[in-house]
Amino acid sequence: MSVASAASHFPARLHIIPNDQPKAGLLGLFSQQPLEMFGRGQAVFRDGDPAMHVFKIVNGLVRVAKILNDGSRVFTDFFYPGEILGLAADERYLGDAEAVGEVQLCRLSRNRFQQAVDSSDQLRPQFVNWLCQETASAQARMVLLARKKAEERVCDLLLTLARRAGNNNGPASEIEIPISRIDMADYLGLTIETVSRTMTNLIRRGVIQSSARYRFTIR
């Protein structure tokens with residue numbers, strides 16, 4: 001299975017644990033690439049741009065958003081250090097990828113990435129395995145939106161952010177929520193009032209503690 005054909009059936013995110021040596025292969029493809037800096041709100045790519053590169057997040061956080069027909073913006077995913085961004089299912093990117101705060105990343109041409117994976121007996125199964133994990137993640141999100149109650153949805157997002165910000169030792173105890181309450185509501189399929197009420201209730205019960213404007217400690 002080639003990178004191009006596999007990517008057409010799966011979501012476009014790979015999460016790689018940097019300290020896991022067998023899994024470091026895909027990240028290693030970026031080892032000779034220069035480091036690029038992006039400021040808060042700066043676009044890495046825009047929806048519909050030609051998908052010419054893939055990116056390794058080195059530091060910072062990148063969010064991906066879609067613009068709806070009514071002009072509103074919905075955040076669909078977040079990318080942390082140790083993740084690869086930009087594996088488009090076709091020839092163009094899906095969504096706007098923007099830096100949340102200061103971001104450092106490396107880029108590699110899509111063709112070079114694809115050739116490296118397709119020609120490597122080590123990288124090819126790793127790539128397919130992570131794509132399968134992404135399918136499971138997408139299915140879990142469908143269940144979240146279809147069946148879970150409001151508090152379960154909010155807690156699911158908090159735990160997801162904690163796992164993504166964590167490492168081999170486990171999820172992070174302090175997380176950053178990189179979007180506003182209204183964007184959280186859009187992401188979780190809830191109203192802004194429900195999200196605000198749920199977050200307030202979790203703080204009141206001591207489940208989470210606010211440590212800064214966008215940062216929370218999971219207690």
Side-chain angles (χ1 to χ4, degrees), residues 11-20 23 38-42 57-66 68 72-85 95-105 130 133-219:
R13 170 167 54 81
L14 294 181
H15 182 213
I16 301 165
I17 302 172
N19 294 329
D20 189 337
K23 292 186 178 180
F38 287 78
R40 180 184 296 273
Q42 187 174 354
I57 310 299
V58 178
N59 286 302
L61 186 68
V62 174
R63 62 190 177 194
V64 177
K66 287 288 292 184
L68 304 183
S72 61
R73 184 170 63 168
V74 177
F75 294 109
T76 59
D77 213 341
F78 313 100
F79 292 80
Y80 281 82
E83 295 186 348
I84 293 178
L85 165 70
D96 296 331
E98 299 175 342
V100 179
E102 299 295 323
V103 169
Q104 295 177 314
L105 55 76
W130 286 317
Q133 292 177 19
E134 288 306 299
T135 301
S137 176
Q139 291 173 342
R141 177 163 167 75
M142 291 174 61
V143 171
L144 179 147
L145 294 176
R147 295 291 183 180
K148 291 188 177 182
K149 298 179 181 179
E151 185 172 280
E152 291 177 304
R153 297 186 190 191
V154 172
C155 289
D156 187 274
L157 174 61
L158 298 179
L159 288 173
T160 297
L161 293 174
R163 294 188 188 103
R164 299 273 291 278
N167 52 38
N168 286 340
N169 295 323
S173 60
E174 188 174 63
I175 61 172
E176 178 180 13
I177 300 179
I179 55 178
S180 66
R181 293 288 190 270
I182 191 169
D183 293 324
M184 283 181 65
D186 289 339
Y187 183 76
L188 296 172
L190 300 169
T191 65
I192 183 173
E193 293 81 10
T194 299
V195 169
S196 295
R197 184 169 58 249
T198 302
M199 290 291 291
T200 299
N201 188 37
L202 291 173
I203 293 172
R204 180 180 57 81
R205 287 156 51 194
V207 177
I208 60 176
Q209 180 179 3
S210 177
S211 55
R213 183 179 180 185
Y214 296 109
R215 297 191 70 83
F216 293 84
T217 300
I218 299 177
R219 301 181 60 191

**Asked** Counting only heavy atoms not in Arg219, do more than 12 sit closer than 6.0 Å to its CZ atom?
**Response** no
**Asked** What closest approach, in Å, do Gly95 and Val64 show between heavy atoms, and which atom pair accounts for it?
**Response** CA-CG1, 4.1 Å
**Asked** CE of Met184 to CD1 of Ile177: how many Å apart, nearest 0.5 Å?
**Response** 5.0 Å
Under 3.5 Å, which donor-acceptor pairs do the side chains of residues 198-208 form with other protein atoms, sequence neighbours left out?
{"unit_1": "Thr198", "atom_1": "OG1", "unit_2": "Thr194", "atom_2": "O", "d": "2.7"}
{"unit_1": "Thr200", "atom_1": "OG1", "unit_2": "Ser196", "atom_2": "O", "d": "2.9"}
{"unit_1": "Asn201", "atom_1": "OD1", "unit_2": "Arg204", "atom_2": "NH2", "d": "2.3"}
{"unit_1": "Arg205", "atom_1": "NH1", "unit_2": "Glu151", "atom_2": "OE1", "d": "2.7"}

**Complete:** Closest non-hydrogen contact found for Lys148 with Arg153 is O-NE, 2.9 Å
**Item:** Exercise: identify the closest heavy-atom pair between Ala185 and Val195
**Value:** CA-CG2, 3.7 Å
**Complete:** All heavy atoms of Ile57 vs all of Phe79, minimum pair found to be CG1-CB, 4.1 Å
**Request:** Locate the shortest heavy-atom distance separating Glu174 from Ser211; write the atom from each residue and the value.
**Result:** OE2-OG, 3.1 Å
**Item:** Inter-residue atom distance Leu190.CG - Lys149.NZ, 0.5 Å rounding
**Value:** 13.5 Å
**Message:** The criterion is side-chain contact (heavy atoms from CB on, under 4.5 Å); which residues satisfy it with Gln42, sequence neighbours excluded?
**Reply:** Phe38
**Message:** Listing request: all salt bridge (Lys or Arg N to Asp or Glu O under 4.0 Å) pairs with a residue in residues 189-201, at least two apart in sequence or in separate chains.
**Reply:** none
**Asked** What closest approach, in Å, do Leu158 and Ile218 show between heavy atoms, and which atom pair accounts for it?
**Response** O-CD1, 4.0 Å
